[in-house]
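Please read the structure below before turning to the comments.
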Amino acid sequence: MGHNRSILRITGADRRGFLQGLVTNAVPEAPGSLAYAALLTPQGKYLADFFLWAEDEALFLDADRDQAPDLLKRLSLYKLRSKVAIEVTGITAVRGTGPVPEGAMTDPRHPSLGWRLYGADAKDDTDWDALRVAHCIPEAGRELIPEETYILEAGFERLNGVDFKKGCYVGQEVTARMKHRTTLRKGLTTVTVEGDAPIGTPIDADGKAAGVLYTQSGGRGIAYLRFDRATGAMAAGNARVTR
């Protein structure tokens, strides 16, 4: 299936407290369920998103393969004197939406996203882009842009990727401030697209920059929009975009 993921294993007595002070969501304590979370810059911008799960002696982190080397480096920098060891494993990751294989865990972001299975094989032919567009689910390297994206604008609250009740983590102050604004002025949303345009094509509304068009499928797309400008018909290259 070519699901490009890297799985990190985090061991040591301080592993949970270490991660808990870094990531946007509560770190799982008991085996059997996945949490979705992100690591942010101190300025509250996205660096990487991943799934976390616990086993008896370790925590595991399922990250985008392209982001894993930088993530490993950043986590190692934060380690300081913590009793923690981090290593890249050869564990495989499979996802699917059909019958749930034994040992698989539910994707916590949205019910339509099915399950994830680690260390075993399973066949699945889900059209993931169509699913993501239908439910406005961003993906690393597409809608989620390191050092640029703010997670609340990317829908992390709706995707169960941020815990506002947990203690401090990197970038928490900015995230909390955005949460307490009355409304977000910009963010990801699903749009109607006539024609198609490369991922990352700027969207114009009456000659003004209104946002960016990302993943498209079946006449719909995920767009990052400035909501005040995104009214009426918009253009993304040769494509026509409407909210």
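Here, residue 1 is the first one in the sequence, and each next residue gets the next number. All values reported here derive from a predicted model rather than from experimental measurement.
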Q: Would you check, one step at a time, whether the test side chain to side chain contact (heavy atoms under 4.5 Å, CB included) holds for Val162 with Tyr169?
A: CA-CA 11 Å; Val162 56; Tyr169 57 85; 3.7 Å; yes

In terms of heavy-atom contacts, does [atom1] of [X] have more than 12 from other residues, nucleotides or ligands at under 6.0 Å?
X      : atom1 : answer
Asp196 : CG    : no
Arg65  : CZ    : yes
Glu173 : CD    : no

Q: Could you go through the salt bridge (charged side-chain N to carboxylate O under 4.0 Å, His left out) check for Arg109 and Asp49 one step at a time?
A: CA-CA 12 Å; Arg109 294 172 297 173; Asp49 63 314; 5.2 Å; no

Under 3.5 Å, is there a donor-acceptor pair between the side chain of [X] and the main chain of [Y]?
X      : Y      : value
Glu143 : Thr215 : yes
Trp128 : Leu113 : no
Arg181 : Met178 : no

Run the salt-bridge test on [X] and [Y] with the 4.0 Å N-O cut-off and return the result as yes or no.
X      : Y      : value
Asp62  : Arg116 : yes
Asp206 : Lys208 : no
Glu147 : Arg74  : yes

Q | Inter-residue atom distance Lys186.NZ - Tyr150.OH, 0.5 Å rounding | A | 8.5 Å

Q | Side chain proximity check, Tyr214 to Val191, heavy atoms < 4.5 angstrom | A | no

Q) Under 30°, 30 to 60°, or over 60°: which ring-plane class applies to Tyr36 and Phe156, parallel, tilted or perpendicular? A)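 Rings of Tyr36 and Phe156: parallel, under 30°.
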
Q) Step by step, would you call Leu71 with Leu61 a side chain to side chain contact (heavy atoms under 4.5 Å, CB included)? A) CA-CA 10 Å; Leu71 186 56; Leu61 190 155; 3.5 Å; yes

Q: Check the pair Asp121 / Val94 against side chain to side chain contact (heavy atoms under 4.5 Å, CB included), numbers first and verdict last.
A: CA-CA 7 Å; Asp121 207 16; Val94 187; 4.1 Å; yes

